[in-house]
Amino acid sequence: MAIGVNKVVTLNYTLSDDKGNLIQTTKENGSFVYLSGSNQILPKLEEAIDSMIIGGRKIIELNSADAYGDYDENAIQFVKKNVFPEGSNVEPGLEYMAHNPEGHAIPFVIREVKDDDITIDFNHPLAGKNLNFDVELVDIRDATVEELQHGHAHGAGGHHH
Ligand code: ZN
């Protein structure tokens, strides 16, 4: 038995790191919904959920390599304050978007601000972390034709247009 592709899957989950620190929980934001087989969640996570049944619960542990990769020191850069648009709020912890030459948006976080010198970090916020998911499978249903065309789930917890 497997969920397979083109299903709309509803989950409740709590995500914590190795030290038991809470990272995210659907208790705060409501159930999470995704379209299976469309790369919307981490592949190893989807693989582990694939064998779950409605009402079932599973602890899924992913090491950082199977999650958001290792923390990369080379993803740290130093810039001057003037690379930010005038009037920007430049404070540690804030997230911004840079654009690469192809025009893709790449998120980064401000790590440190010393007068004019800013340290920015392009690592994913969860890079280098082993992730522990406590997952409860709430519902599985066939995706509608419209959802398949759009490549995402609609309705509660999904996309609203
Ligand atoms: Zn849509």
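Just so you know, residue 1 is the first one in the sequence shown, and it goes up from there. As the structure lists them, so they are numbered: ligands from 1, and atoms in each ligand from 1.
Grouped with Val8 in one hydrophobic cluster are Val33, Leu35, Leu148, the linkage being side-chain heavy-atom contacts under 4.5 Å among Ile, Leu, Val, Met, Phe, Trp and Tyr residues.
For Ser38, there are no side-chain hydrogen bond (donor to acceptor under 3.5 Å, both in side chains) partners at least two apart in sequence or on another chain. Every residue was checked against the side-chain hydrogen bond (donor to acceptor under 3.5 Å, both in side chains) condition with Thr119, not counting sequence neighbours, and none meets it.
Distances under 2.8 Å from the Zn ion (ligand 1) pick out the protein N/O/S atoms His150 ND1, His152 NE2, His154 NE2, His161 NE2.
Taking the six-membered ring where tryptophan is involved, the planes of Phe108 and Tyr96 are essentially parallel, since the angle between them stays under 30° and well short of 60°.
For the side chain to side chain donor-acceptor pair (under 3.5 Å) test with Glu147, the passing option among Arg141, His152, Lys7 is Arg141; the others fail.
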> Given Ile49 and Ile41, is the side-chain contact (heavy atoms from CB on, under 4.5 Å) satisfied, shown in steps?
Replying inline: CA-CA 11 Å; Ile49 291 169; Ile41 63 172; 4.0 Å; yes
